[in-house]
*Asks:* 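Just passing along the structure, written as structure tokens.
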Protein chains: 2
Amino acid sequence: MTNLGYALLGMLADESRTGYDLAQLMKQQVGYFWSAKHSQIYPELARLESEGLVAFEVIEQQDRPHKKLYHITPAGLEILRNWVTTPAESAPVRDELILKAYCIWLAEPEKAIELFKQEELRHRQQLAHYEQLYIWGEENLQREQRSKHSSLFGKYLSLARGIGHEREYAEWCRWVIEQLEKPDFF
Amino acid sequence: MTNLGYALLGMLADESRTGYDLAQLMKQQVGYFWSAKHSQIYPELARLESEGLVAFEVIEQQDRPHKKLYHITPAGLEILRNWVTTPAESAPVRDELILKAYCIWLAEPEKAIELFKQEELRHRQQLAHYEQLYIWGEENLQREQRSKHSSLFGKYLSLARGIGHEREYAEWCRWVIEQLEKPDFF
DNA sequence: CCTAACATGTAATCGGTTACATGATTCT
DNA sequence: AGAATCATGTAACCGATTACATGTTAGG
């Protein structure tokens, strides 16, 4: 099983979806921590189906093309449940901006400041976006949905991580700018 | 040019190194934000050499196999300098633990707590490691090396990012545990 | 004797992106 | 007339990992 497979099972555990729906979700919500293009999703769904972890029914539509609505099977739910609490394997980090930071001693400080100002702005904007989603969610949250067994719970945990991550990243950018603005010897 | 190419140029801008040395560096320092195995490094060095961005001299050694000591060329330094301050392209995030967090509503809370306790510990240990490196660096830092134009400057910026990242990650794990320990309705 | 460190490469495979391919409907 | 959304697929390519391959010396 691949991580993409688990990601798809996770989305289908919440509700039945088409390949197209799954690809859309990966441009929103889920895309903040896992993503894939439709060209990867369709073959992976076919693979999951061949292993009996998902199944689909063809929905015929007038005025729209037909679609395959996938749902998770009991076997799929079982391996997903088993996976969620097993330790995650640590993937190597590859962050282009930190790589640039490592080499920044070669650059003119003014240009470096400009770069980090742009990056800070980018992360502040993403932070504001996440915070807005968080507020909207809080407002519409019913009492019975405030359960560890509601799929909304998972959405909150992941959104909170996004907020913390973007805030921390933006603050590092700011700190880097401060270091670059300091005179060389003091 | 690939990011790996720039990473190698960045390491060679600091000082001349062999492919073996570069692979070792990517298990330490540089590996915290960019990594590659020797099987990827050797062909990439050959490619950089064919494009005139690096060059090497063969060092014959008694009692050790011969080695190729690579150094950056003026052309290599130029494209590296040009790259460092150009905006970084944002790569999609793929974090297995956040994916698990998203699906955690399917798990038994006790098992979920165990998972996040393990993960918190892992990040606290990595944080302690980074902080130790930071302290050692501070201690041995000479006045003339406290310049934006010293390669140590880049090492500090990247190390600071590692510290911030691990601290924030560990704190999120702790917060998740708190959410999981709360009674469902309160 | 076996393992670790030094030292350099190639081949097979895999996960993911980009591009190719098709086709209907709705909105501007 | 053209773009956007819905809807599903395949093919080529690329970056990265794992495994294959070789050979020396030092140390437990």
Side-chain angles (χ1 to χ4, degrees), chain A residues 1-9 12 16-28 30-31 33-50 54-70 88-96 99, chain B residues 1-9 11-12 16-28 30-31 33-50 54 56-70 88-96 99:
Chain A
M1 273 292 298
T2 61
N3 280 329
L4 174 60
Y6 289 118
L8 298 177
L9 288 180
L12 294 174
S16 295
R17 292 182 155 104
T18 65
Y20 186 85
D21 294 336
L22 292 164
Q24 292 304 111
L25 248 191
M26 284 203 163
K27 289 179 190 168
Q28 309 288 318
V30 177
F33 51 88
W34 203 272
S35 62
K37 307 291 167 81
H38 76 273
S39 57
Q40 200 184 2
I41 293 169
Y42 288 118
E44 184 67 17
L45 279 172
R47 221 215 63 214
L48 293 173
E49 198 260 344
S50 78
V54 299
F56 65 86
E57 38 169 349
V58 177
I59 310 280
E60 297 289 349
Q61 301 172 112
Q62 63 278 45
D63 75 350
R64 286 273 164 222
H66 80 291
K67 58 184 180 182
K68 291 180 179 180
L69 191 65
Y70 283 87
E89 309 173 33
S90 56
V93 181
R94 277 192 190 84
D95 188 310
E96 197 185 324
L99 186 57
Chain B
M1 274 294 295
T2 62
N3 280 329
L4 174 60
Y6 289 118
L8 298 177
L9 289 180
M11 289 185 270
L12 294 175
S16 294
R17 293 181 154 103
T18 66
Y20 186 84
D21 293 336
L22 292 164
Q24 293 305 110
L25 247 192
M26 284 204 164
K27 288 177 189 169
Q28 308 287 320
V30 177
F33 51 88
W34 203 273
S35 63
K37 308 291 166 80
H38 76 272
S39 56
Q40 200 185 1
I41 293 168
Y42 288 117
E44 184 67 18
L45 279 172
R47 222 215 62 214
L48 293 173
E49 196 261 345
S50 78
V54 301
F56 64 88
E57 38 171 348
V58 176
I59 311 280
E60 297 289 348
Q61 301 174 113
Q62 64 277 48
D63 74 348
R64 286 274 165 220
H66 74 91
K67 59 184 180 183
K68 293 180 177 177
L69 190 65
Y70 283 88
E89 309 173 31
S90 55
V93 181
R94 277 193 190 85
D95 188 311
E96 199 185 324
L99 187 55

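Letters A, B, ... mirror the listed sequences (proteins, then strands); counts begin at 1.
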*Asks:* Can you confirm whether A:Val30 sits close enough to A:Leu22 that some side-chain heavy atom of one is under 4.5 Å from a side-chain heavy atom of the other?
*Replies:*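 Side chain of A:Val30 against side chain of A:Leu22, heavy atoms only: no contact under 4.5 Å found.
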*Asks:* Roughly, in whole Å, what's the span from CG in A:Asp21 to P in D:dA7?
*Replies:* 7 Å
*Asks:* Work out which heavy atom in B:Leu45 is nearest to a heavy atom in B:Val54; give both atom names and the distance.
*Replies:*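 Heavy atoms only, the tightest pair is O-CG2, 3.9 Å.
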*Asks:* For A:Arg94 and D:dT17, is the shortest distance between a side-chain N/O and OP1 or OP2 below 4.0 Å?
*Replies:* yes
*Asks:* When the distance from CD of A:Glu96 to C1' of D:dG15 is rounded to whole Å, what number comes out?
*Replies:*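 It is 14 Å, rounded to the nearest whole Å.
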*Asks:* Check whether any side-chain heavy atom of B:Arg47 sits under 4.5 Å from a side-chain heavy atom of B:Thr2, and report yes or no.
*Replies:* yes
*Asks:* Indicate the atoms forming the closest heavy-atom contact of A:His38 with A:Ala23, along with that distance.
*Replies:* CB-CB, 4.1 Å
*Asks:* Distance check needed: D:dA7 P versus A:Leu45 CG, whole Å only.
*Replies:*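 Those two atoms, CG and P, are 14 Å apart.
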*Asks:* State, to 0.1 Å, how close A:Leu48 and A:Gly5 come at their nearest heavy-atom pair, and which atoms those are.
*Replies:* CD1-O, 4.0 Å
*Asks:* For nucleotides 21-28 of chain D, just jot down a letter per nucleotide in 5' to 3' order: B, S or -, based on protein non-hydrogen atoms under 4.0 Å.
*Replies:* --B-SS--
*Asks:* Below 4.0 angstrom from OP1 or OP2 of D:dT8, is there any side-chain N or O of A:Tyr42?
*Replies:* yes
*Asks:* Write down the distance between CD (A:Glu44) and P (D:dT10), rounded to a whole number of angstrom.
*Replies:* 13 Å
*Asks:* Is any side-chain heavy atom of A:Met26 less than 4.5 Å from a side-chain heavy atom of A:Trp34?
*Replies:* yes
*Asks:* Over how many whole Å does the gap from A:Gln40 atom CD to D:dA11 atom P extend?
*Replies:* 17 Å
*Asks:* D:dA7 P sits how many Å from A:Lys68 NZ, rounded?
*Replies:*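 To the nearest whole Å, that distance equals 14 Å.
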*Asks:* Checking A:Arg94 side chain against B:Ser35 main chain: does a donor-acceptor pair fall under 3.5 Å?
*Replies:* yes
*Asks:* Can you tell me the distance, in whole Å, between the CZ atom of B:Arg47 and the P atom of D:dA16?
*Replies:* 11 Å
*Asks:* Identify the heavy atoms of A:Lys67 and A:Thr18 that sit nearest to each other, and give their distance.
*Replies:*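 Heavy atoms of A:Lys67 and A:Thr18 come nearest at CD-CG2, 3.6 Å.
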*Asks:* Are more than 12 heavy atoms from other residues, nucleotides or ligands located less than 6.0 Å from atom CD of B:Gln61?
*Replies:*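 Correct, the count exceeds 12.
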*Asks:* With nearest nucleotide decided by heavy atoms, which residue, B:Ser39 or B:Pro92, maps closer to the 5′ end of DNA chain C?
*Replies:*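 Upstream on the strand: B:Ser39.
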*Asks:* Is any side-chain nitrogen or oxygen of A:Gln61 closer than 4.0 Å to OP1 or OP2 of D:dC6?
*Replies:*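 Checking A:Gln61 against D:dC6: no side-chain N or O falls below 4.0 Å of OP1 or OP2.
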*Asks:* In whole angstroms, how far is the P atom of D:dC14 from the CD atom of B:Glu89?
*Replies:*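 Atom CD in B:Glu89 sits about 16 Å away from atom P in D:dC14.
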*Asks:* Pick base, sugar-phosphate or nothing for A:Thr2, based on heavy-atom distances below 4.0 Å to the nucleic acid.
*Replies:* sugar-phosphate
*Asks:* Heavy atoms only, 4.0 Å cut-off, all strands: where does A:Lys67 land among base, sugar-phosphate and nothing?
*Replies:* sugar-phosphate
*Asks:* Chain B on DNA chain C: first and last contacting nucleotide, 5' to 3', under 4.0 Å to a heavy atom?
*Replies:* C:dA5 to C:dT17
